[in-house]
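The shown structure was predicted, so the numbers you read here are calculated from the model rather than taken from an experiment. So that the names make sense, note that chain A is the first sequence line, chain B the second, and so on, each numbered from 1.
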2 protein chains.
Amino acid sequence: MRRDSRLSGVLHVLLHMAEFKQPVTSERLAVMMQTNPVVIRRIMGGLRDLGLVASEKGHGGGWTLCCDFDRVSLHDVYLALGAPELFAMGHRNVAPACLVEQAVNAALATAFEEAESLLMARLGDVTLGQLSADFHARFAKRERCAQEARPDVA
Amino acid sequence: MRRDSRLSGVLHVLLHMAEFKQPVTSERLAVMMQTNPVVIRRIMGGLRDLGLVASEKGHGGGWTLCCDFDRVSLHDVYLALGAPELFAMGHRNVAPACLVEQAVNAALATAFEEAESLLMARLGDVTLGQLSADFHARFAKRERCAQEARPDVA
DNA sequence: TCTCATGTAACTTTACTTGTTTCATGATGA
DNA sequence: TCATCATGAAACAAGTAAAGTTACATGAGA
């Protein structure tokens, strides 16, 4: 199956939005993301419900950030998406009668739960602010490289 | 996506096989697993290639274990399946030109790689022998409960 | 040589994300 | 007021991958 890229996508959207002061339409975001405006609205709905962003209809409308980038972690964004399934692997039966399957499920569940806890903790460690800072660092670096490639301009 | 349950399934098969001395046919395993013989053959193929099990054709044929249950970990079995994708989430673009997306991918990749490492380590900690022992413990416990429910028989 | 069992290929089914179309709703501005 | 712009929501199509199914070839025993 195609892997769920909503978390990746919504973070992409949020960081782009941070570069604008005015509301950004789904249309513009869709162009940046190379996708469809409806897809943008879909992944943004959960964030609106949790108060991370707001949407306005009509002229001059669109999406605006209404959260402190330094207080929102990637984990918060993950939850805003509805905490989608993390793993591509699962049990055959959730509550099997077969004792063999129960033993297998128990062993796998322990390992997967530990991995999930670690992942959630790591996502909680990173804020949108840090992500945005990383982007700006990458942007500055590219600018420098562009300068160095054109010494005559400097 | 329906979640990939091959790891769960193949462990289930292996533990069932451990309860038999003679070769077990795909047909019988399929009945135990409530699935199709071809599905059994499919998920067992990788294990055969790695020498964990052997298959014999013809009369009296079927699948036999040919590995030390105490020396094979769940991680080995996972690898025998071809190390299928672990996570249900992924990046939109693997190598994006957009710097925002690069920053997002880098942050997510770090978190996911750590979780993957932990999961692989945990799977490596558990052997098929331990899993089988857990099954036998569950079996013994159920027998005891059944006894207690029929005190007149005791 | 007949039967049994695996090996393999092709096709169908199922489930889910993504993409797209369509229309309703509401806000802005002339 | 009314046309326009934008979101909201529903419905449907496309693409993908695992799982289920069918069919047949291959090879081992009896």
Side-chain angles (χ1 to χ4, degrees), chain A residues 1-10 12-13 17 20 22-49 53-64 66 78 81-94, chain B residues 1-10 12-13 17 20 22-49 53-64 66 78 81-94:
Chain A
M1 170 207 258
R2 178 179 296 171
R3 292 159 75 195
D4 180 353
S5 65
R6 281 177 295 173
L7 180 57
S8 167
V10 78
H12 193 172
V13 167
M17 283 176 64
F20 295 87
Q22 299 176 341
V24 192
T25 65
S26 304
E27 179 69 35
R28 286 191 68 182
L29 290 171
V31 171
M32 295 182 209
M33 302 278 296
Q34 302 179 65
T35 182
N36 195 289
V38 178
V39 175
I40 300 291
R41 293 187 195 120
R42 210 143 51 189
I43 63 178
M44 296 290 278
L47 276 71
R48 182 190 55 230
D49 297 342
V53 299
S55 58
E56 285 295 331
K57 292 180 177 179
H59 281 278
W63 299 90
T64 45
C66 52
Y78 168 75
L81 288 177
E85 180 56 46
L86 276 182
F87 298 106
M89 314 186 69
H91 304 320
R92 294 172 44 84
N93 298 13
V94 174
Chain B
M1 174 216 318
R2 178 179 295 172
R3 292 159 75 195
D4 180 353
S5 65
R6 282 177 295 173
L7 180 57
S8 167
V10 78
H12 192 172
V13 167
M17 284 176 63
F20 296 88
Q22 298 176 340
V24 192
T25 65
S26 304
E27 180 68 36
R28 286 191 69 180
L29 290 171
V31 171
M32 296 182 208
M33 303 279 296
Q34 302 176 65
T35 182
N36 194 290
V38 178
V39 175
I40 300 291
R41 294 187 196 121
R42 208 142 54 189
I43 64 179
M44 295 291 278
L47 276 70
R48 183 191 52 229
D49 296 342
V53 297
S55 58
E56 284 295 329
K57 292 181 178 177
H59 281 276
W63 299 90
T64 44
C66 53
Y78 167 76
L81 288 177
E85 179 57 45
L86 276 183
F87 297 106
M89 315 186 69
H91 303 321
R92 294 171 42 82
N93 299 13
V94 175

| task | Check the distance between dT18(C)'s C1' and Asp4(A)'s CG and give it to me in whole angstrom. | result | 10 Å
| request: Quickly work out the Ile43(B) CD1 to dT6(C) C1' distance and round it to whole Å. | output: 15 Å
| said: Can you measure Leu7(B) atom CG to dA19(D) atom P for me and round it to whole angstrom units? | reply: 11 Å
Please tabulate the protein-to-nucleotide N/O contacts below 3.5 Å involving nucleotides 9-11 of chain D, giving atom names and distances.
none

| request: Would you mind telling me which of dT18(C), dT21(D), dT6(C) lies closest to the side-chain atoms of Val39(B)? | output: dT21(D)
| said: Between C1' on dG8(D) and CG on Asp49(A), what's the gap in Å once rounded to a whole number? | reply: 11 Å
| Between P of dG7(C) and CG of Leu47(B), the distance in whole Å | 12 Å
| request: Round to a whole Å and report the spacing from CG of Leu81(A) to P of dT18(C). | output: 10 Å
| query | How far apart are the closest heavy atoms of Pro23(A) and Gly60(A), and which atoms are they? | reply | CG-O, 3.6 Å
| request: Could you grab the distance from atom CD1 of Ile43(A) to atom OG1 of Thr35(A), nearest 0.5 Å is fine? | output: 8.0 Å
| What distance do Leu47(A) atom CG and Ser55(A) atom OG have between them, rounded to the nearest 0.5 Å? | 11.0 Å
Identify each atom pair where a protein N or O and an N or O of nucleotides 25-29 of chain C are less than 3.5 Å apart, giving names and distance.
unit_1: dT25(C); atom_1: O2; unit_2: Lys57(A); atom_2: NZ; d: 3.2
unit_1: dG26(C); atom_1: O4'; unit_2: Lys57(A); atom_2: NZ; d: 3.3
unit_1: dG26(C); atom_1: N2; unit_2: Gly58(A); atom_2: N; d: 3.1

| remark: Distance col, row Leu81(A):CG vs Met44(A):CE, nearest 0.5 angstrom, shows 10.5 Å
| query | Quick one: CZ on Arg92(B) to CG on Leu7(A), what's the gap to the nearest 0.5 Å? | reply | 12.0 Å
| How long is the line joining CD1 of Ile40(A) and P of dT21(C), in whole Å? | 16 Å
| request: Look up atom CD in Gln22(A) and atom CZ in Arg28(A), then write down how far apart they are to the nearest 0.5 Å. | output: 8.5 Å
| field | d(CD, Gln22(B); P, dG29(D)) in whole Å | value | 15 Å
| Taking the side chain from Arg6(B) and the backbone from Pro84(B), do they hold a donor-acceptor pair closer than 3.5 Å? | no
| Considering only side-chain heavy atoms of Asn36(A), which listed nucleotide, dA5(C), dG19(C), dT7(D), is closest? | dG19(C)
| request: List the steps, then state whether side-chain contact (heavy atoms from CB on, under 4.5 Å) holds for Val39(A) with Met33(A). | output: CA-CA 10 Å; Val39(A) 175; Met33(A) 302 278 296; over 6 Å; no
| Any idea which heavy atoms bring Met89(B) and Tyr78(A) closest together, and the distance? | SD-CE1, 4.1 Å
